[in-house]
There are 2 protein chains.
Amino acid sequence: MADVARLAGVSTMTVSRALKGNGAVTAATRSKINAAVDELGYVLDLSAGSLSSKRTGFVSAILPTLYNSNFSDTVNGISEVLGNGGKEILFGYTNYSREREEQLIEAMLRRRPEGIIVTGGTHTPRARQLLETAGVPVVETWDEPADPIDHVVGFSNAATIEDMTARLYFRGYRRIAFIGGDSTDDVRGFARRKGYERAVEMLGLERAHVVPLGPPPITIAHGGPGVARLLQEWPEVEAAICVSDPCAFGAIMECHRNGWPVPERLAVAGFGNFELSRHCWPTITTVAIACTDIGRRSGELILQAIDGQKPAIAPATKSIQIPHSIIERESTGEAASSRKS
Amino acid sequence: MADVARLAGVSTMTVSRALKGNGAVTAATRSKINAAVDELGYVLDLSAGSLSSKRTGFVSAILPTLYNSNFSDTVNGISEVLGNGGKEILFGYTNYSREREEQLIEAMLRRRPEGIIVTGGTHTPRARQLLETAGVPVVETWDEPADPIDHVVGFSNAATIEDMTARLYFRGYRRIAFIGGDSTDDVRGFARRKGYERAVEMLGLERAHVVPLGPPPITIAHGGPGVARLLQEWPEVEAAICVSDPCAFGAIMECHRNGWPVPERLAVAGFGNFELSRHCWPTITTVAIACTDIGRRSGELILQAIDGQKPAIAPATKSIQIPHSIIERESTGEAASSRKS
DNA sequence: ATGCCAAATGTTAGCGATAACATAAATAAG
DNA sequence: CTTATTTATGTTATCGCTAACATTTGGCAT
């Protein structure tokens with residue numbers, strides 16, 4: 001920067017101001033500086049700047065996996081809002097491991113992020129403590145923690161599947177099973193299962209039946225074996241709710257393979273409104289969540305909270321509820337006309 | 001850090017050495033320091049450290065999209081190797097826009113990465129210049145640039161589809177079409193199309209027919225309309241090669257919907273060996289690329305090149321070729337027995 | 001012209017760590 | 001038991017930028 005300043009015939013401070021775009025710099029000076037920058041091929045060093053200004057321009061986001069377009073949507077929402085807010089995002093993926101999450105949080109704190117977005121409300125004690133004492137806004141997403149650390153942008157996974165179960169009941173199904181979500185490692189999958197069990201009880205159905213599929217991630221590959229096992233264990237079953245759309249898809253493909261018509265032999269529903277479900281045959285009934293909004297709202301909360309540290313500005317909202325809806329499609333017996341969704 | 005040093009009764013330099021784990025520090029001193037760190041809840045500030053040491057610990061990786069598990073695999077490979085090498089990765093997504101790539105490169109250079117991994121070998125002139133003058137190792141991936149900037153870890157997209165076309169020919173298909181890859185925005189899709197056209201010519205087929213699908217990303221949603229248009233434009237067609245598996249999947253689902261049996265009425269092949277293709281019905285013939293290896297090799301090259309700046313160490317390999325293979329499945333007429341792949 | 005205010009630019013100090021060198025302590029060798 | 005040598009720790013000086021304050025310049029009213 002000193003070189004640029006020399007070439008432009010100004011002080012480094014003026015160069016700094018010109019490059020940040022905020023401080024007052026004459027158009028003439030600015031163009032001299034830009035010329036010098038171009039000539040020297042200079043690129044600003046933010047790591048030095050952030051040390052001095054105590055603002056790193058980073059926000060961390062921690063998600064379970066790269067391989068789930070629901071989370072990708074959330075990432076997109078975060079990027080959109082924080083990008084506009086002039087922040088960069090440091091992404092990390094836990095592969096559904098809480099230990100890995102703890103490591104990631106610690107690694108990210110070393111970079112002094114100005115805010116942290118995490119997935120879920122269940123953390124190791126040390127991770128929780130790190131988040132609490134980090135001194136920056138924290139947003140927990142995709143869940144409804146009983147005891148939030150700071151902000152929350154989420155929804156009740158249990159309620160979504162409760163609704164789905166009720167909807168299938170309304171459509172006339174009485175023998176309804178749930179596939180996936182056996183272990184407490186899979187916090188959200190387990191919550192969905194609980195929602196199913198609660199609905200079965202409330203609706204007074206004669207039997208609840210869960211086919212557990214082990215720890216997450218539950219992928220397409222799990223759906224086939226899951227549905228095969230279900231039909232063996234409970235041949236009278238009429239409908240299966242899967243922990244996610246990829247799982248439902250795998251189940252439906254297995255049905256095709258075996259000549260079990262969907263939904264006539266077995267109705268199948270999923271969760272997440274993946275692109276897959278809109279286009280496969282039959283189209284899949286699912287729970288739609290505004291995943292991108294989860295990201296957007298989280299980003300907005302972070303930005304507000306960063307600004308809110310200046311006392312003049314109102315503090316950021318603590319908690320935002322994301323709505324869900326049931327999309328009925330062919331896999332649970334809706335007519336072809338509903339395919340347009 | 002000064003607080004920690006005071007509490008542990010040592011100098012900040014000793015604290016720094018203890019926390020880095022490299023310098024020589026007595027076990028006794030180290031445990032005193034760790035105690036102080038725990039008591040104060042201190043977390044090392046890497047942004048300060050990197051200013052001083054001139055090593056940021058960052059490597060940037062720029063990819064087209066979050067919504068493609070092939071690229072996710074590459075990301076995983078990169079993370080795996082660079083994580084072990086003690087580097088953190090700064091990800092950016094271009095959404096297939098070269099302008100966005102240029103912006104991202106510039107933004108990332110401000111963070112002084114120790115290496116840069118980009119997707120493809122086609123960049124804006126300014127982006128190219130930024131990469132060339134960045135003074136850090138650069139790896140271009142997923143392609144075979146005619147004029148590489150530095151290192152390359154890739155393969156010939158054209159050759160993969162050339163091979164696929166030949167394989168379909170070998171299986172007896174003569175009227176073979178290609179779906180996708182019309183625009184030069186889609187560098188890799190366009191290369192695949194060229195491979196198809198070259199194969200058609202070399203095999204002496206009577207007709208090449210391409211159904212262009214517009215700029216990337218080409219998703220599941222494009223496959224259905226694509227195949228419908230193909231069958232209308234060229235009713236005698238026997239086989240369709242799609243620019244990617246999701247597109248092939250969309251095409252196959254459209255065939256189901258219309259009662260066109262796959263592969264009897266139309267054989268369909270894809271690219272990328274997505275999970276989808278292994279599990280859908282029928283299973284989809286595809287080109288398998290070692291996507292994770294692209295990431296791993298790229299990460300290794302970066303690490304070697306960073307070390308290689310010390311003259312004693314051999315310079316890193318310039319170019320690595322990633323192999324591909326054709327996986328034949330049901331969608332092109334293989335027997336059910338081949339499904340196991 | 002003179003003075004005044006605001007906008008533009010300059011000066012100084014320091015952000016929090018580490019490199020490089022200096023010194024002290026511990027160990028090995030003779 | 002000394003001296004040589006290694007190992008552990010301390011000291012000092014930046015790294016490249018920006019905050020905070022100081023100063024200058026230019027525009028405008030009087």
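Each chain gets a letter, A, B and so on, in the order the sequences are listed, and its residues count up from 1.
A straight line from CE of M13(B) to C1' of dA22(C) spans 13 Å, rounded to a whole angstrom. Rounded to an integer number of Å, the gap from R6(B) CZ to dG16(C) P is 13 Å. Rounded to an integer number of Å, the gap from K54(B) NZ to dA20(C) P is 11 Å. Between the CG atom of L51(B) and the P atom of dC15(D) there is a distance of 9 Å, given to the nearest Å. Atom CD1 of I33(A) and atom C1' of dG10(C) are 12 Å apart (whole Å). Spacing between atom NZ of K20(B) and atom P of dA8(D) amounts to 19 Å, rounded to whole angstrom units.
Scanning for salt bridge (Lys or Arg N to Asp or Glu O under 4.0 Å) contacts around D293(B) gives R296(B), R297(B), with sequence neighbours left out. Residues passing the side chain to side chain donor-acceptor pair (under 3.5 Å) test with D185(A), sequence neighbours excluded: none. Residues passing the salt bridge (Lys or Arg N to Asp or Glu O under 4.0 Å) test with E99(A): none are found, sequence neighbours excluded. The salt bridge (Lys or Arg N to Asp or Glu O under 4.0 Å) test applied to E88(B) returns R111(A), not counting sequence neighbours.
One finds a side-chain N or O of T26(A) lying less than 4.0 angstrom from the OP1 or OP2 phosphate oxygen of dT9(C). At least one side-chain nitrogen or oxygen of Y42(B) sits closer than 4.0 Å to the OP1 or OP2 atom of dA17(C).
The nearest heavy atom of DNA chain C to S47(B) and to R17(B) marks one nucleotide each, and the one closer to the 5' end goes with S47(B). Comparing R55(A) and V10(B) by the nucleotide of DNA chain D whose heavy atom lies nearest to each, the residue mapping closer to the 5' end is V10(B).
Between F91(A) and S79(A), the closest side-chain pair of non-hydrogen atoms falls below 4.5 Å. Counting only heavy atoms from C-beta outward, the side chains of K32(A) and V37(A) never approach each other to under 4.5 Å.
A donor N or O paired with an acceptor N or O is not found under 3.5 Å between the base of dT18(D) and the side-chain atoms of S53(A). Taking only distance into account, the side chain of T14(B) never meets the base of dG10(D) through a donor-acceptor pair shorter than 3.5 Å.
With hydrogens and angles left out, the side-chain atoms of E101(B) and H123(B) include a donor and acceptor closer than 3.5 Å.
Among the heavy atoms of the strands, none lies under 4.0 Å from R30(A). In this structure, S11(A) reaches the bases: a heavy-atom distance under 4.0 Å links it to at least one base atom across the strands shown.
In summary, D147(A) and R128(A) engage in a salt bridge, as defined by a charged side-chain N under 4.0 Å from a carboxylate O.
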- Dot-bracket notation for DNA chain C is requested: 5' to 3', Watson-Crick or G-U wobble pairs only, both distances under 3.5 Å, with ( ), [ ], | and . as defined. ||||||||||||||||||||||||||||||

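Residues F58(B) and F58(A) place their aromatic rings such that the two centres sit under 6.0 Å apart.
Residues from residues 105-113 of chain B that place a heavy atom under 4.0 Å from any atom of DNA chain C: there are none.
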